[in-house]
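Report on the structure given below.
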Amino acid sequence: MKKETHGIQFPEPIDGSDFDYIRDLVKDHTSIALDNSKVYLVNARLLPVARDAGIESVVALIRHLRSRPFGDLHYRTVEAIVTTETSFFRDFFPFEALRQEVIPEIIAEQRGGSRSLTIWSAGCSSGQEPYSIAMILREAFPQLATWSTRILASDVSRAMLEKSKAGVYSQTEINRGLPASLLVKYFRQNQTSWTLNDEVRNMVSFFHHNLTRDLPVLPPVDILAMRNVLIYFDVETKRLVLDRIRRYLRPGGLLILGTAETTLNLDERFERVRFGRAVFYRVRNSETR
Ligand SMILES: C[S@@+](CC[C@H](N)C(=O)[O-])C[C@H]1O[C@@H](n2cnc3c(N)ncnc32)[C@H](O)[C@@H]1O
């Protein structure tokens with residue numbers, strides 16, 4: 001029940017044990033650590049879930065969840081709390097580094113060799129990150145058409161994977177970072193949204209993956225973008241995830257993190273490598289798998 005004071009509706013406070021329940025639920029399914037400062041976030045994100053389920057308040061939703069075994073509503077609750085903020089060509093410089101330096105170097109190195117390129121976007125949210133990479137490959141590296149080129153993309157959120165696969169974006173999502181030339185070339189407009197064409201959509205293979213739980217079998221990865229994911233984990237989980245994903249990188253392969261993230265003081269087996277205004281991380285030569 002909402003409290004009403006002078007016409008203003010205040011959300012009912014979530015008490016300690018209800019918040020602990022939500023914190024454990026989210027931690028169990030995603031490893032995301034919610035501290036007590038996130039009470040407002042939980043309230044704001046769960047209100048639409050409660051409304052959709054026909055439940056009068058967030059507190060009533062939590063009580064409902066607590067009294068039942070894990071089911072679809074629990075799943076939707078977890079998904080509502082996970083931050084899935086993303087955009088096309090987010091932060092710009094990492095994509096410029098891929099286009100101007102990293103991919104040309106890989107192509108030059110492997111010209112007479114295996115001619116394979118594997119890129120993995122882990123924690124891909126609604127797909128803008130892997131699709132931005134796919135558009136770069138298509139635009140700048142036509143020679144890769146004869147290579148074995150894979151763009152893999154994964155997320156723990158099934159809702160985000162569905163959205164990614166559909167490749168349908170609102171005008172607001174399009175306005176955030178997508179150059180007009182790429183919009184015109186690769187998207188078709190529907191009433192209020194834009195659909196990515198099959199040519200680019202088919203370049204990306206999406207799969208469900210929890211970075212702290214699952215160990216999928218993948219080809220050696222040349223470039224692993226895991227941006228703005230570690231930031232939501234506690235230190236112990238960050239270390240675990242870095243240790244796991246390091247093993248997927250081929251020798252010399254590169255890890256790309258978000259601008260507020262680093263491997264420093266977490267995993268010294270990575271070294272920082274600067275490409276223009278972007279910083280990536282490479283497994284040190286002395287480190288074996
Ligand atoms: C803030 S978004 C980042 C999206 C994109 N990488 C970017 O930087 O724009 C974080 C994504 O990580 C995903 N995520 C959170 N915990 C995860 C986990 N344990 N395993 C895999 N993905 C996870 C979330 O579902 C969300 O889509």
**Q.** Verdict with supporting geometry, R68 and H74, side chain to side chain contact (heavy atoms under 4.5 Å, CB included)
**A.** CA-CA 9 Å; R68 284 164 176 76; H74 296 75; 4.2 Å; yes
Q: Tell me, with the steps shown, if E173 and S87 meet side chain to side chain contact (heavy atoms under 4.5 Å, CB included).
A: CA-CA 7 Å; E173 289 168 323; S87 55; over 6 Å; no
Q: Test side chain to side chain contact (heavy atoms under 4.5 Å, CB included) on I81 and L34 and set out the steps.
A: CA-CA 10 Å; I81 288 174; L34 293 176; 4.0 Å; yes
(Q) Before you tell me yes or no, could you show the steps for L242 and L230 under side chain to side chain contact (heavy atoms under 4.5 Å, CB included), namely the whole-Å CA-CA distance, both residues' side-chain angles and the distance that decides it to 0.1 Å? (A) CA-CA 9 Å; L242 284 171; L230 278 186; 4.0 Å; yes
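Between the side chain of T263 and the backbone N or O of L266, no donor-acceptor pair lies under 3.5 Å. Under the 3.5 Å distance criterion, the side-chain polar atoms of Y248 are matched with a main-chain donor or acceptor of P216. Not one N or O on the side chain of R23 forms a donor-acceptor pair closer than 3.5 Å with the backbone of D35. Judged by distance alone, the side chain of H208 and the main-chain N or O of R158 form no donor-acceptor pair under 3.5 Å. A donor-acceptor pair under 3.5 Å links the side-chain atoms of T146 to the main chain of Q143, judged by distance alone. R201 contributes a side-chain N or O that, together with a main-chain N or O of K165, makes up a donor-acceptor pair within less than 3.5 Å. In this structure a side-chain-to-backbone donor-acceptor pair under 3.5 Å is present from S67 to H64. Of the possible polar contacts, one joining the R282 side chain to the G252 backbone as a donor-acceptor pair under 3.5 Å is found. Side-chain N or O atoms of R247 include one that pairs as donor or acceptor with a backbone N or O of D243 at under 3.5 Å.
We find that E236 and R239 are not joined by a salt bridge, their nearest charged nitrogen and carboxylate oxygen being 4.0 Å or further apart. Checked for salt-bridge contact, K238 and D267 miss the test: no charged N lies under 4.0 Å from a carboxylate O. Remark: D18 engages R63 in a salt bridge, criterion side-chain N to carboxylate O under 4.0 Å. Note on K27 versus D24: no salt bridge recorded, every NZ/NE/NH1/NH2 to OD/OE distance being 4.0 Å or above. A salt bridge does not link R115 to E109: none of the charged nitrogens lies less than 4.0 Å from a carboxylate oxygen. Look at E79 and R45 and you find no salt bridge, because none of the NZ, NE, NH1 or NH2 atoms lies under 4.0 Å from a carboxylate O. Electrostatic pairing of D155 and K163 does not count as a salt bridge here, judged by no charged N lying under 4.0 Å from a carboxylate O.
Distance check, rounded to the nearest 0.5 Å: OH of Y232 to NZ of K38 gives 9.0 Å. Taken from OG1 in T149 to CZ in F141, the straight-line distance is 11.0 Å, to the nearest 0.5 Å. Rounded to the nearest 0.5 Å, atoms OG (S31) and CG (L211) are 8.5 Å apart. For the atom pair D222 CG and I106 CD1, the distance stands at 4.5 Å (nearest 0.5 Å). Separation of atoms CG (L65) and CG (L73) is listed at 5.0 Å; rounding is to 0.5 Å. The CG atom of D198 sits 13.5 Å away from the OH atom of Y186 when rounded to the nearest 0.5 Å.
Closest of all the heavy-atom pairs between R250 and P220 is CB-CB, 3.7 Å. Between V241 and F233, the closest heavy-atom pair is CG2-CE1, 3.9 Å. The shortest non-hydrogen separation linking P130 to A153 is CG-CB, 3.7 Å. Nearest heavy atoms, P94 versus I256: CB-CG2, 4.3 Å. The nearest pair of heavy atoms linking R66 to S17 is NH1-OG, 3.0 Å. Taking each heavy atom of W194 and Q171 in turn, the nearest pair found is NE1-OE1, 2.8 Å.
Taking a 6.0 Å sphere around CZ of R277, one finds it holds 12 or fewer heavy atoms contributed by other residues, nucleotides or ligands.
Under the 4.5 Å side-chain heavy-atom criterion for ILVMFWY residues, a single connected hydrophobic cluster contains both L215 and L249. Cluster membership check: M203 shares its hydrophobic cluster with L98, using side-chain heavy-atom separations under 4.5 Å among Ile, Leu, Val, Met, Phe, Trp and Tyr. Hydrophobic clustering (ILVMFWY, side-chain heavy atoms < 4.5 Å, transitive): I119 and F92 are in distinct clusters. A chain of hydrophobic side-chain contacts below 4.5 Å, direct or via other Ile, Leu, Val, Met, Phe, Trp or Tyr residues, connects M135 to V102. Under a hydrophobic clustering in which Ile, Leu, Val, Met, Phe, Trp and Tyr are joined whenever their side-chain heavy atoms come within less than 4.5 Å, directly or via other members, L196 and L182 fall into the same cluster.
Contact check for R272 versus Y281: side-chain heavy atoms found under the 4.5 Å cut-off. You'll find the side chain of Y75 reaches within 4.5 Å of the side chain of F70, heavy atoms only. In this structure, V82 and S157 have side chains that are not in contact, with every pair of non-hydrogen atoms separated by 4.5 Å or more. A heavy-atom distance below 4.5 Å is found between the side chains of V49 and L61. Between L178 and F89 there is a side-chain heavy-atom pair separated by less than 4.5 Å. Between M160 and C124, every side-chain heavy-atom pair lies at or beyond the 4.5 Å cut-off. V283 places none of its side-chain heavy atoms less than 4.5 Å from the side chain of L255. In this structure the side chain of T77 reaches within 4.5 angstrom of the side chain of L46, judged on heavy atoms.
Every pair passing salt bridge (charged side-chain N to carboxylate O under 4.0 Å, His left out) that includes a residue from residues 127-152 is listed here, sequence neighbours excluded: E129-R227, R138-E199, E139-K185.
At a cut-off of 3.5 Å, with distance as the only test, no side-chain donor of T86 or S125 sits close to an acceptor on the other residue. Side chains of W120 and S154: a donor on one and an acceptor on the other come within 3.5 Å. In the model, D234 has a side-chain atom that pairs as donor or acceptor with a side-chain atom of T237 under 3.5 Å. Side chains of Q128 and S132: no donor on one and acceptor on the other come within 3.5 Å. Residues T259 and E261 bring no donor and acceptor atom of their side chains to less than 3.5 Å of each other. Side-chain polar atoms of N210 and T30 form no donor-acceptor pair below 3.5 angstrom.
Close placement of the Y131 and F206 rings is indicated, their centers lying within 6.0 Å of each other. Aromatic ring centroids of F93 and F275 lie 6.0 Å or more apart.
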